[in-house]
2 protein chains.
Amino acid sequence: MTLGNLNNYKETLIYGVVLAVLLVLLRWLELRFLIITHAFEIYAAAIAVLFTGLGIWLALKLSKPKIQTQIIEKVIEVPQQPQFVFNKQAVSKFGLSCRELEVLQLMSEGLSNQEIADHLFLSLPTIKTHGSRLFEKLEVRRRTQAVELGKKLAIIR
Amino acid sequence: MTLGNLNNYKETLIYGVVLAVLLVLLRWLELRFLIITHAFEIYAAAIAVLFTGLGIWLALKLSKPKIQTQIIEKVIEVPQQPQFVFNKQAVSKFGLSCRELEVLQLMSEGLSNQEIADHLFLSLPTIKTHGSRLFEKLEVRRRTQAVELGKKLAIIR
DNA sequence: AATCAATTCATACTTTAGTATGAATGGTTT
DNA sequence: AAACCATTCATACTAAAGTATGAATTGATT
(Lines give C-alpha, C1' and ligand atoms only; values in the text may rest on other atoms or scores of the structure.)
Protein backbone atom coordinates (compact mmCIF):
# COMPACT_ATOMS: atom_id res chain seq x y z
CA MET A 1 0.00 0.00 0.00
CA THR A 2 1.24 3.34 -0.91
CA LEU A 3 0.44 5.68 1.90
CA GLY A 4 0.86 8.57 -0.42
CA ASN A 5 -2.14 7.56 -2.44
CA LEU A 6 -4.90 10.20 -2.29
CA ASN A 7 -7.63 7.83 -1.28
CA ASN A 8 -5.64 6.62 1.66
CA TYR A 9 -4.97 10.17 2.74
CA LYS A 10 -8.62 10.89 2.58
CA GLU A 11 -9.43 7.84 4.58
CA THR A 12 -6.80 8.66 7.13
CA LEU A 13 -8.28 12.13 7.51
CA ILE A 14 -11.72 10.66 7.79
CA TYR A 15 -10.39 8.33 10.40
CA GLY A 16 -8.90 11.25 12.29
CA VAL A 17 -12.18 13.10 12.21
CA VAL A 18 -14.03 10.01 13.30
CA LEU A 19 -11.54 9.55 16.07
CA ALA A 20 -11.97 13.12 17.19
CA VAL A 21 -15.72 12.77 17.13
CA LEU A 22 -15.48 9.57 19.08
CA LEU A 23 -13.22 11.15 21.64
CA VAL A 24 -15.56 14.08 22.00
CA LEU A 25 -18.37 11.63 22.37
CA LEU A 26 -16.45 9.76 25.00
CA ARG A 27 -15.74 13.00 26.75
CA TRP A 28 -19.40 13.80 26.66
CA LEU A 29 -20.30 10.40 27.97
CA GLU A 30 -17.68 10.80 30.64
CA LEU A 31 -19.21 14.04 31.75
CA ARG A 32 -22.63 12.56 31.52
CA PHE A 33 -21.88 9.52 33.59
CA LEU A 34 -19.23 11.09 35.75
CA ILE A 35 -20.87 9.80 38.79
CA ILE A 36 -20.69 6.18 37.84
CA THR A 37 -17.02 5.52 38.51
CA HIS A 38 -17.31 1.80 38.53
CA ALA A 39 -18.36 1.74 34.95
CA PHE A 40 -14.76 2.40 33.96
CA GLU A 41 -13.92 -1.21 33.15
CA ILE A 42 -17.00 -1.50 30.97
CA TYR A 43 -16.08 1.73 29.33
CA ALA A 44 -12.56 0.50 28.63
CA ALA A 45 -13.90 -2.74 27.25
CA ALA A 46 -16.24 -0.84 24.99
CA ILE A 47 -13.36 1.23 23.70
CA ALA A 48 -11.34 -1.92 23.13
CA VAL A 49 -14.09 -3.60 21.17
CA LEU A 50 -14.84 -0.47 19.21
CA PHE A 51 -11.29 0.19 18.23
CA THR A 52 -10.58 -3.42 17.47
CA GLY A 53 -13.45 -3.24 15.00
CA LEU A 54 -12.04 -0.01 13.66
CA GLY A 55 -8.65 -1.62 13.22
CA ILE A 56 -10.13 -4.55 11.38
CA TRP A 57 -12.10 -2.26 9.14
CA LEU A 58 -9.02 -0.17 8.43
CA ALA A 59 -6.90 -3.17 7.64
CA LEU A 60 -9.44 -4.64 5.26
CA LYS A 61 -10.05 -1.31 3.62
CA LEU A 62 -6.48 -0.24 3.19
CA SER A 63 -4.53 -3.42 2.77
CA LYS A 64 -3.40 -4.35 -0.68
CA PRO A 65 -4.99 -7.37 -2.23
CA LYS A 66 -2.78 -10.27 -1.45
CA ILE A 67 -1.99 -11.74 -4.78
CA GLN A 68 -1.94 -15.43 -5.05
CA THR A 69 -0.85 -16.21 -8.54
CA GLN A 70 -2.52 -19.18 -10.04
CA ILE A 71 -0.78 -20.43 -13.10
CA ILE A 72 -3.08 -22.25 -15.43
CA GLU A 73 -1.40 -24.00 -18.28
CA LYS A 74 -3.59 -23.80 -21.29
CA VAL A 75 -2.74 -26.44 -23.83
CA ILE A 76 -2.85 -25.20 -27.36
CA GLU A 77 -2.75 -27.94 -29.89
CA VAL A 78 -0.67 -27.03 -32.86
CA PRO A 79 -2.11 -29.04 -35.69
CA GLN A 80 1.01 -29.79 -37.58
CA GLN A 81 -0.23 -31.23 -40.81
CA PRO A 82 1.63 -34.29 -41.89
CA GLN A 83 3.60 -32.87 -44.69
CA PHE A 84 5.54 -35.24 -46.85
CA VAL A 85 9.25 -34.96 -46.29
CA PHE A 86 11.10 -37.02 -48.81
CA ASN A 87 13.49 -39.37 -47.09
CA LYS A 88 16.71 -39.29 -49.08
CA GLN A 89 18.59 -41.26 -46.47
CA ALA A 90 16.29 -44.25 -46.76
CA VAL A 91 16.68 -44.25 -50.54
CA SER A 92 20.47 -44.22 -50.38
CA LYS A 93 20.40 -46.74 -47.55
CA PHE A 94 18.53 -49.21 -49.70
CA GLY A 95 20.48 -48.21 -52.79
CA LEU A 96 17.40 -47.50 -54.87
CA SER A 97 17.82 -46.00 -58.33
CA CYS A 98 15.69 -43.25 -59.81
CA ARG A 99 13.76 -45.57 -62.08
CA GLU A 100 13.10 -48.02 -59.31
CA LEU A 101 11.74 -45.23 -57.19
CA GLU A 102 9.66 -43.98 -60.06
CA VAL A 103 8.22 -47.44 -60.66
CA LEU A 104 7.48 -47.83 -56.96
CA GLN A 105 5.62 -44.54 -56.96
CA LEU A 106 3.45 -45.64 -59.87
CA MET A 107 2.88 -49.01 -58.25
CA SER A 108 1.62 -47.21 -55.16
CA GLU A 109 -0.88 -45.40 -57.34
CA GLY A 110 -2.39 -48.71 -58.30
CA LEU A 111 -1.00 -49.05 -61.81
CA SER A 112 -0.28 -52.46 -63.31
CA ASN A 113 3.14 -53.22 -64.75
CA GLN A 114 1.74 -52.78 -68.24
CA GLU A 115 0.28 -49.39 -67.34
CA ILE A 116 3.56 -48.32 -65.78
CA ALA A 117 5.37 -49.40 -68.93
CA ASP A 118 2.99 -47.36 -71.07
CA HIS A 119 3.31 -44.41 -68.76
CA LEU A 120 7.11 -44.40 -68.88
CA PHE A 121 7.32 -45.48 -72.55
CA LEU A 122 9.14 -48.64 -71.60
CA SER A 123 8.57 -52.32 -72.24
CA LEU A 124 6.82 -54.62 -69.82
CA PRO A 125 9.96 -56.70 -69.12
CA THR A 126 11.82 -53.55 -68.15
CA ILE A 127 9.22 -52.69 -65.55
CA LYS A 128 9.35 -56.23 -64.29
CA THR A 129 13.09 -56.15 -63.85
CA HIS A 130 12.87 -52.80 -62.09
CA GLY A 131 10.22 -54.30 -59.88
CA SER A 132 12.24 -57.36 -59.09
CA ARG A 133 15.34 -55.40 -58.19
CA LEU A 134 13.19 -53.07 -56.13
CA PHE A 135 11.72 -55.90 -54.13
CA GLU A 136 15.14 -57.44 -53.70
CA LYS A 137 16.59 -54.20 -52.35
CA LEU A 138 13.65 -53.53 -50.06
CA GLU A 139 13.61 -57.19 -49.05
CA VAL A 140 9.93 -57.64 -49.83
CA ARG A 141 8.08 -60.16 -51.98
CA ARG A 142 5.12 -58.25 -53.33
CA ARG A 143 4.38 -54.81 -54.66
CA THR A 144 1.85 -54.22 -51.91
CA GLN A 145 4.56 -54.75 -49.33
CA ALA A 146 6.90 -52.50 -51.25
CA VAL A 147 4.26 -49.77 -51.32
CA GLU A 148 3.59 -50.17 -47.62
CA LEU A 149 7.28 -49.94 -46.76
CA GLY A 150 7.82 -47.11 -49.20
CA LYS A 151 5.13 -45.03 -47.53
CA LYS A 152 6.39 -45.89 -44.08
CA LEU A 153 9.89 -44.84 -45.09
CA ALA A 154 8.53 -41.72 -46.79
CA ILE A 155 10.27 -42.47 -50.04
CA ILE A 156 6.95 -42.25 -51.89
CA ARG A 157 3.88 -40.18 -51.12
CA MET B 1 -1.20 -15.28 2.89
CA THR B 2 2.02 -14.22 4.45
CA LEU B 3 1.24 -12.78 7.82
CA GLY B 4 1.64 -9.08 7.67
CA ASN B 5 4.13 -8.67 4.99
CA LEU B 6 6.79 -6.15 5.93
CA ASN B 7 5.25 -3.37 3.97
CA ASN B 8 1.93 -3.69 5.76
CA TYR B 9 3.66 -3.72 9.10
CA LYS B 10 5.52 -0.60 8.20
CA GLU B 11 2.35 1.09 7.09
CA THR B 12 0.60 0.03 10.22
CA LEU B 13 3.40 1.57 12.24
CA ILE B 14 3.19 4.74 10.25
CA TYR B 15 -0.52 4.80 10.86
CA GLY B 16 0.11 4.34 14.56
CA VAL B 17 2.55 7.21 14.60
CA VAL B 18 0.10 9.43 12.76
CA LEU B 19 -2.56 8.47 15.19
CA ALA B 20 -0.30 9.21 18.13
CA VAL B 21 0.57 12.58 16.68
CA LEU B 22 -3.10 13.37 16.27
CA LEU B 23 -3.79 12.36 19.83
CA VAL B 24 -0.94 14.43 21.12
CA LEU B 25 -2.26 17.28 19.04
CA LEU B 26 -5.68 16.88 20.59
CA ARG B 27 -4.15 16.66 23.98
CA TRP B 28 -2.17 19.75 23.31
CA LEU B 29 -5.28 21.56 22.17
CA GLU B 30 -7.02 20.40 25.28
CA LEU B 31 -4.22 21.71 27.46
CA ARG B 32 -4.13 24.85 25.44
CA PHE B 33 -7.74 25.60 26.14
CA LEU B 34 -7.35 24.85 29.80
CA ILE B 35 -9.63 21.94 29.80
CA ILE B 36 -9.08 19.79 32.80
CA THR B 37 -6.94 16.85 31.98
CA HIS B 38 -7.77 13.47 33.16
CA ALA B 39 -5.32 10.63 33.00
CA PHE B 40 -8.29 8.49 32.12
CA GLU B 41 -8.56 9.92 28.65
CA ILE B 42 -4.97 9.15 27.89
CA TYR B 43 -5.61 5.71 29.14
CA ALA B 44 -8.64 5.39 26.93
CA ALA B 45 -6.65 6.63 23.99
CA ALA B 46 -3.95 4.10 24.71
CA ILE B 47 -6.54 1.39 24.77
CA ALA B 48 -7.96 2.71 21.56
CA VAL B 49 -4.58 2.68 19.84
CA LEU B 50 -3.73 -0.71 21.20
CA PHE B 51 -6.93 -2.32 20.13
CA THR B 52 -6.92 -0.61 16.80
CA GLY B 53 -3.54 -2.26 16.26
CA LEU B 54 -5.00 -5.53 17.47
CA GLY B 55 -7.87 -5.16 15.01
CA ILE B 56 -5.47 -4.49 12.16
CA TRP B 57 -3.33 -7.43 13.11
CA LEU B 58 -6.37 -9.67 13.42
CA ALA B 59 -7.68 -8.56 10.06
CA LEU B 60 -4.37 -9.18 8.33
CA LYS B 61 -4.00 -12.51 10.05
CA LEU B 62 -7.45 -13.79 9.43
CA SER B 63 -8.51 -12.27 6.17
CA LYS B 64 -8.58 -14.58 3.20
CA PRO B 65 -6.12 -13.81 0.49
CA LYS B 66 -7.72 -12.04 -2.39
CA ILE B 67 -6.91 -14.32 -5.26
CA GLN B 68 -5.87 -12.72 -8.43
CA THR B 69 -5.79 -15.38 -11.05
CA GLN B 70 -3.12 -15.02 -13.63
CA ILE B 71 -3.68 -17.18 -16.64
CA ILE B 72 -0.50 -17.99 -18.42
CA GLU B 73 -1.01 -19.59 -21.78
CA LYS B 74 1.66 -22.09 -22.39
CA VAL B 75 1.89 -23.42 -25.90
CA ILE B 76 2.39 -27.12 -25.93
CA GLU B 77 2.88 -28.71 -29.26
CA VAL B 78 0.90 -31.86 -29.31
CA PRO B 79 2.29 -34.00 -32.06
CA GLN B 80 -1.12 -35.24 -32.94
CA GLN B 81 -0.53 -37.85 -35.53
CA PRO B 82 -3.12 -37.66 -38.22
CA GLN B 83 -5.66 -39.61 -36.32
CA PHE B 84 -7.60 -42.16 -38.26
CA VAL B 85 -11.30 -41.38 -38.35
CA PHE B 86 -13.09 -44.38 -39.70
CA ASN B 87 -15.39 -43.39 -42.53
CA LYS B 88 -18.58 -45.32 -41.99
CA GLN B 89 -20.44 -43.42 -44.66
CA ALA B 90 -18.04 -44.47 -47.39
CA VAL B 91 -18.37 -48.10 -46.35
CA SER B 92 -22.14 -48.03 -46.46
CA LYS B 93 -22.05 -46.02 -49.65
CA PHE B 94 -20.07 -48.75 -51.39
CA GLY B 95 -22.02 -51.48 -49.61
CA LEU B 96 -18.94 -53.20 -48.25
CA SER B 97 -19.37 -56.10 -45.85
CA CYS B 98 -17.27 -56.70 -42.75
CA ARG B 99 -15.26 -59.48 -44.29
CA GLU B 100 -14.55 -57.51 -47.41
CA LEU B 101 -13.29 -54.64 -45.30
CA GLU B 102 -11.21 -57.01 -43.24
CA VAL B 103 -9.66 -58.51 -46.35
CA LEU B 104 -8.96 -55.07 -47.75
CA GLN B 105 -7.20 -54.09 -44.55
CA LEU B 106 -4.95 -57.13 -44.72
CA MET B 107 -4.31 -56.50 -48.42
CA SER B 108 -3.13 -53.02 -47.52
CA GLU B 109 -0.66 -54.54 -45.10
CA GLY B 110 0.98 -56.37 -47.95
CA LEU B 111 -0.35 -59.84 -47.30
CA SER B 112 -0.93 -62.27 -50.17
CA ASN B 113 -4.29 -63.95 -50.60
CA GLN B 114 -2.86 -67.14 -49.13
CA GLU B 115 -1.55 -65.28 -46.10
CA ILE B 116 -4.88 -63.56 -45.62
CA ALA B 117 -6.60 -66.94 -45.83
CA ASP B 118 -4.26 -68.35 -43.19
CA HIS B 119 -4.73 -65.30 -41.02
CA LEU B 120 -8.51 -65.52 -41.09
CA PHE B 121 -8.64 -69.33 -41.08
CA LEU B 122 -10.37 -69.37 -44.44
CA SER B 123 -9.67 -71.03 -47.77
CA LEU B 124 -7.88 -69.31 -50.62
CA PRO B 125 -10.95 -69.29 -52.88
CA THR B 126 -12.93 -67.50 -50.18
CA ILE B 127 -10.40 -64.70 -50.03
CA LYS B 128 -10.45 -64.48 -53.79
CA THR B 129 -14.20 -64.13 -53.92
CA HIS B 130 -14.10 -61.49 -51.20
CA GLY B 131 -11.45 -59.73 -53.20
CA SER B 132 -13.39 -59.91 -56.42
CA ARG B 133 -16.56 -58.55 -54.87
CA LEU B 134 -14.52 -55.89 -53.15
CA PHE B 135 -12.99 -54.73 -56.41
CA GLU B 136 -16.38 -54.81 -58.07
CA LYS B 137 -17.93 -52.65 -55.36
CA LEU B 138 -15.05 -50.21 -55.33
CA GLU B 139 -14.92 -50.24 -59.10
CA VAL B 140 -11.24 -51.06 -59.26
CA ARG B 141 -9.28 -53.78 -61.00
CA ARG B 142 -6.36 -54.46 -58.71
CA ARG B 143 -5.69 -54.76 -55.00
CA THR B 144 -3.24 -51.91 -55.18
CA GLN B 145 -5.97 -49.64 -56.48
CA ALA B 146 -8.34 -50.91 -53.82
CA VAL B 147 -5.80 -50.15 -51.11
CA GLU B 148 -5.17 -46.68 -52.53
CA LEU B 149 -8.87 -45.89 -52.64
CA GLY B 150 -9.45 -47.44 -49.25
CA LYS B 151 -6.86 -45.21 -47.67
CA LYS B 152 -8.14 -42.16 -49.49
CA LEU B 153 -11.66 -42.90 -48.26
CA ALA B 154 -10.38 -43.64 -44.75
CA ILE B 155 -12.05 -47.02 -44.62
CA ILE B 156 -8.71 -48.65 -43.80
CA ARG B 157 -5.74 -47.29 -41.91
C1' DA C 1 -42.29 -70.40 -44.33
C1' DA C 2 -39.88 -67.92 -47.70
C1' DT C 3 -36.60 -64.59 -48.97
C1' DC C 4 -32.44 -62.14 -48.68
C1' DA C 5 -27.69 -60.93 -47.64
C1' DA C 6 -23.44 -62.44 -45.96
C1' DT C 7 -20.31 -65.95 -45.73
C1' DT C 8 -18.03 -69.92 -47.06
C1' DC C 9 -15.96 -73.19 -50.36
C1' DA C 10 -14.94 -75.30 -54.87
C1' DT C 11 -13.35 -75.80 -59.71
C1' DA C 12 -11.71 -74.06 -63.91
C1' DC C 13 -9.85 -70.53 -66.26
C1' DT C 14 -7.33 -66.06 -67.69
C1' DT C 15 -4.41 -62.45 -66.50
C1' DT C 16 -0.91 -60.33 -64.04
C1' DA C 17 3.00 -60.50 -61.04
C1' DG C 18 7.33 -61.90 -60.12
C1' DT C 19 11.87 -64.74 -60.99
C1' DA C 20 15.85 -66.24 -63.59
C1' DT C 21 18.98 -65.49 -66.96
C1' DG C 22 21.15 -63.20 -70.50
C1' DA C 23 22.40 -59.30 -73.23
C1' DA C 24 22.98 -54.54 -75.20
C1' DT C 25 23.80 -49.56 -74.34
C1' DG C 26 25.70 -45.35 -72.32
C1' DG C 27 27.92 -42.89 -68.72
C1' DT C 28 31.16 -42.73 -64.83
C1' DT C 29 34.97 -44.12 -62.28
C1' DT C 30 39.44 -46.28 -61.58
C1' DA D 1 41.06 -49.11 -71.60
C1' DA D 2 38.67 -51.74 -68.09
C1' DA D 3 35.42 -52.06 -64.64
C1' DC D 4 31.20 -50.68 -62.96
C1' DC D 5 26.44 -49.13 -62.64
C1' DA D 6 22.03 -47.87 -64.32
C1' DT D 7 19.04 -48.68 -67.80
C1' DT D 8 16.87 -51.11 -71.25
C1' DC D 9 14.98 -55.26 -73.46
C1' DA D 10 14.09 -60.25 -74.24
C1' DT D 11 12.64 -65.09 -73.30
C1' DA D 12 10.97 -68.62 -70.48
C1' DC D 13 9.22 -69.95 -66.46
C1' DT D 14 6.63 -70.13 -61.80
C1' DA D 15 3.58 -68.01 -58.60
C1' DA D 16 0.01 -65.25 -57.46
C1' DA D 17 -3.94 -62.52 -58.59
C1' DG D 18 -8.24 -62.10 -60.39
C1' DT D 19 -12.73 -63.86 -62.94
C1' DA D 20 -16.67 -66.80 -63.67
C1' DT D 21 -19.84 -69.89 -62.07
C1' DG D 22 -22.06 -72.68 -58.89
C1' DA D 23 -23.37 -74.21 -54.40
C1' DA D 24 -24.03 -74.80 -49.27
C1' DT D 25 -24.83 -72.58 -44.81
C1' DT D 26 -26.48 -69.25 -41.54
C1' DG D 27 -28.98 -65.44 -39.48
C1' DA D 28 -32.15 -61.82 -40.15
C1' DT D 29 -36.09 -60.03 -42.38
C1' DT D 30 -40.61 -60.19 -44.53
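Proteins get letters first, then strands, A, B, ... in listed order; numbering begins at 1 in each.
- Regarding Arg99(B), its CZ atom lies at a distance of 16 Å from the P atom of dT26(D), rounded to whole Å.
- Here Ser132(B) lies in heavy-atom contact (under 4.0 Å) with a base.
- Which of dA17(C), dC9(D), dA10(C) sits closest to the side chain of Pro125(B) comes down to dA10(C).
- Ranked by how close their nearest DNA chain D nucleotide is to the 5' end, Ser123(A) and Arg143(B) are led by Ser123(A).
- In this structure, His130(A) and Arg142(A) both approach DNA chain D, and ranking their closest nucleotides by distance from the 5' end singles out His130(A).
- Here Glu115(A) pairs with Arg142(B) in a salt bridge; the nearest charged N to carboxylate O distance falls below 4.0 Å.
- Look at CG on Leu96(A): it is 15 Å from C1' on dT7(D), rounded to the nearest Å.
- Which of dT8(C), dT7(C), dT8(D) sits closest to the side chain of Thr129(B) comes down to dT8(C).
- Looking at heavy-atom distances under 4.0 Å, Leu124(A) makes no contact with the nucleic acid at all.
- Nucleic acid contact class of Thr126(A) (heavy atoms, under 4.0 Å, all strands): base.
- Salt-bridge annotation for Arg99(A) and Glu102(A): present, with a side-chain N of the basic residue lying under 4.0 Å from a carboxylate O of the acidic one.
- Of all nucleotides listed (dT8(D), dT19(D), dA6(C)), dT19(D) comes nearest to the side chain of Lys128(B).
- No option in Leu138(A), Val103(A), Leu153(A) other than Leu138(A) meets the side chain to side chain contact (heavy atoms under 4.5 Å, CB included) test with Leu96(A).
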